[in-house]
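Throughout, residue positions are numbered sequentially from 1 according to the sequence presented.
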Amino acid sequence: MPYARSVTEGSGRQRFSVDIQGLLEALTEQFPEPLLCVRELIQNAADAGAQRIEVDVSYDASRQLFRIAVRDDGRGMNEPEVDGYLTIGFSEKDPSRQRGRFGVGKLSPYALDIMRMVVETCDGQIAHRLTFNGDGSGHIAKIDLRPRGTVVRVYKETSRADAEQLTQRTFGLVEERCGSIGIPLFVNGQRVNREIGLPTPYAWSFTSTDGVGVLGICPEPIQELMGGGIVLETKAPILGEEISYVLDSPSLAPTLSRNAVRRDHAFDALLRAAQAAMPAFTEKVADALRERVEALRAQGGAIERSLDPADRSALEWLRQQLLCLLYTSDA
């Protein structure tokens with residue numbers, strides 16, 4: 001347990017202190033990009049059954065404080081969950097269904113070198129405020145009831161210039177890593193949800209009982225594994241170096257390092273579904289390239305010089321597939 005806690009009887013308030021050095025060492029290893037803490041907070045909100053998640057980013061110039069707030073309308077935390085918030089590894093989430101079951105995401109904002117973090121939560125019956133200071137000290141207090149849900153506010157001392165960079169990176173990270181979540185997601189009032197897809201005409205979507213996905217051929221491969229619309233791993237060539245993909249299953253779970261997907265039964269099932277879609281995908285790429293060439297031929301001019309990078313990538317990939325087929329037939 002990474003905390004030493006002392007309780008003041010009769011005050012209705014509990015104080016605690018954090019093994020801050022040990023915590024920071026763990027977070028540095030698990031969060032090479034400190035702002036990934038926002039992904040973790042969004043993940044926690046989704047796991048709490050939120051129907052709407054709001055991320056607000058602001059800067060108080062007078063105090064030089066950068067603030068990130070993540071608010072949800074989920075079930076909130078009850079008494080045992082509030083107490084368990086102070087133990088890394090504690091989680092009451094269903095281990096067969098939820099992805100955040102290692103319990104580390106709740107304290108990931110410390111990776112940002114924060115001044116303070118305040119968590120306010122209400123389960124409809126009781127409400128609490130948990131205050132975490134940058135030095136590891138903090139306290140828990142009961143507060144007045146409020147709408148069910150949780151809001152996490154993170155405060156970091158920084159200059160205006162650094163705050164502007166953090167704001168831009170936060171917007172980009174939320175959209176890139178969490179934008180495909182199936183819950184309305186807003187950043188400073190702007191909805192950032194998007195459909196799963198790839199930026200190429202040479203793509204094929206599939207749906208199976210084990211998940212959904214998009215396969216494609218792009219000039220620069222894009223490879224993403226998602227758990228419930230949240231990116232958990234990138235740049236894993238599980239279908240070959242040239243194949244771009246976005247694969248999503250709510251059953252995928254992160255490794256303890258938080259930067260990869262566990263190679264378990266759920267992963268194997270989703271991979272098999274993607275592999276089963278490969279013949280249809282190959283046919284789609286061939287048909288799309290044929291249509292493209294016919295359109296260029298109708299326009300006149302040299303077809304070879306008119307091909308764009310996506311066309312050339314698709315052509316080269318199809319050539320490789322044909323060579324592999326001929327090699328296999330000869331063997």
Side-chain angles (χ1 to χ4, degrees), residues 27 30-33 35-53 55 70 72 74-75 88-109 111 150 152 172-185 187 192-198 205-216 222-239 243-275 277:
L27 291 176
Q30 298 187 38
F31 294 92
E33 165 53 87
L35 275 174
L36 281 176
C37 67
V38 182
R39 180 194 67 179
E40 298 297 303
L41 297 178
I42 292 172
Q43 179 69 77
N44 285 346
D47 287 344
Q51 299 300 306
R52 179 187 177 98
I53 302 173
V55 180
V70 179
D72 70 68
R75 65 175 182 269
I88 291 180
F90 173 91
S91 177
E92 291 193 349
K93 298 170 184 175
D94 178 357
S96 68
R97 194 168 55 84
Q98 306 292 3
R99 296 172 295 284
R101 55 182 173 270
F102 297 111
V104 69
K106 58 201 176 187
L107 295 175
S108 58
T150 300
V152 181
L173 186 145
V174 172
E175 186 173 24
E176 175 187 343
R177 296 298 183 99
C178 307
S180 295
I181 194 172
I183 302 169
L185 175 62
V187 179
V192 298
N193 297 90
R194 57 183 170 82
E195 296 293 328
I196 291 176
L198 289 169
S205 300
F206 72 90
T207 301
S208 77
T209 57
D210 299 301
V212 300
V214 181
L215 309 178
I222 298 171
Q223 297 159 341
E224 296 181 345
L225 288 167
M226 292 184 175
I230 294 181
V231 177
L232 302 178
E233 182 175 348
T234 61
K235 299 180 181 179
I238 58 176
L239 295 172
I243 300 294
S244 291
Y245 67 79
V246 179
L247 303 179
D248 185 21
S249 168
S251 299
L252 291 185
T255 60
L256 189 58
S257 67
R258 312 300 288 182
N259 57 14
V261 167
R262 293 174 60 190
R263 278 14 182 198
D264 55 11
H265 174 75
F267 170 82
D268 291 339
L270 184 59
L271 178 58
R272 287 194 298 269
Q275 292 170 334

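Gln43 and Asp47 form a side-chain donor-acceptor contact under 3.5 Å, judged by distance and modelled atom types alone.
By the side-chain contact (heavy atoms from CB on, under 4.5 Å) test, Arg52 pairs with Glu54, Asp73, Phe186, sequence neighbours left out. Contacts of Val231 classified as side-chain contact (heavy atoms from CB on, under 4.5 Å), with partners at least two apart in sequence or in another chain: Arg177, Glu224, Met226, Thr234. Applying the side-chain contact (heavy atoms from CB on, under 4.5 Å) criterion to Ala236, with sequence neighbours excluded, gives Glu233, Ile238, Tyr245, Arg263. With sequence neighbours excluded, the residues that form a side-chain contact (heavy atoms from CB on, under 4.5 Å) with Asn193 are Ile181, Leu185, Arg191. Remark: Glu33 engages Arg169 in a side chain to side chain donor-acceptor pair (under 3.5 Å) (not counting sequence neighbours).
Phe206 is listed as a side-chain neighbour of Leu247, based on a closest heavy-atom distance under 4.5 Å. Side-chain atoms of Val152 and Thr150, non-hydrogen and from C-beta on, do get closer than 4.5 Å to each other.
With hydrogens and angles disregarded, no donor-acceptor distance shorter than 3.5 Å links the side chain of Asp248 to the backbone of Val212. Distance alone, capped at 3.5 Å, is enough to place a donor-acceptor pair between the Arg194 side chain and the Glu175 backbone.
Distance check, rounded to the nearest 0.5 Å: CG of Leu225 to NZ of Lys235 gives 14.0 Å. Atoms CD1 and CD1, from Ile53 and Ile183 in turn, are 4.5 Å apart once rounded to the nearest 0.5 Å. A distance of 6.5 Å separates NE2 in His265 from CG in Asp210, rounded to the nearest 0.5 Å.
The two residues Val174 and Val187 come nearest to each other via the heavy atoms CG1-CG2, 3.6 Å. Scanning all heavy atoms of the two residues, the minimum distance from Gly211 to Ser249 falls at CA-CB, 4.3 Å. Annotation for Gln223 and Ser244: closest pair CG-CA, 4.5 Å, computed over non-hydrogen atoms. Scanning both residues, Pro109 and Leu41, for their nearest heavy atoms gives CG-CD1, 4.1 Å. Between Ala50 and Asp72, the shortest heavy-atom contact is CB-CB, 3.7 Å. Taking all atoms of both residues into account, the shortest heavy-atom contact from Ser205 to Val214 is OG-CG2, 3.6 Å.
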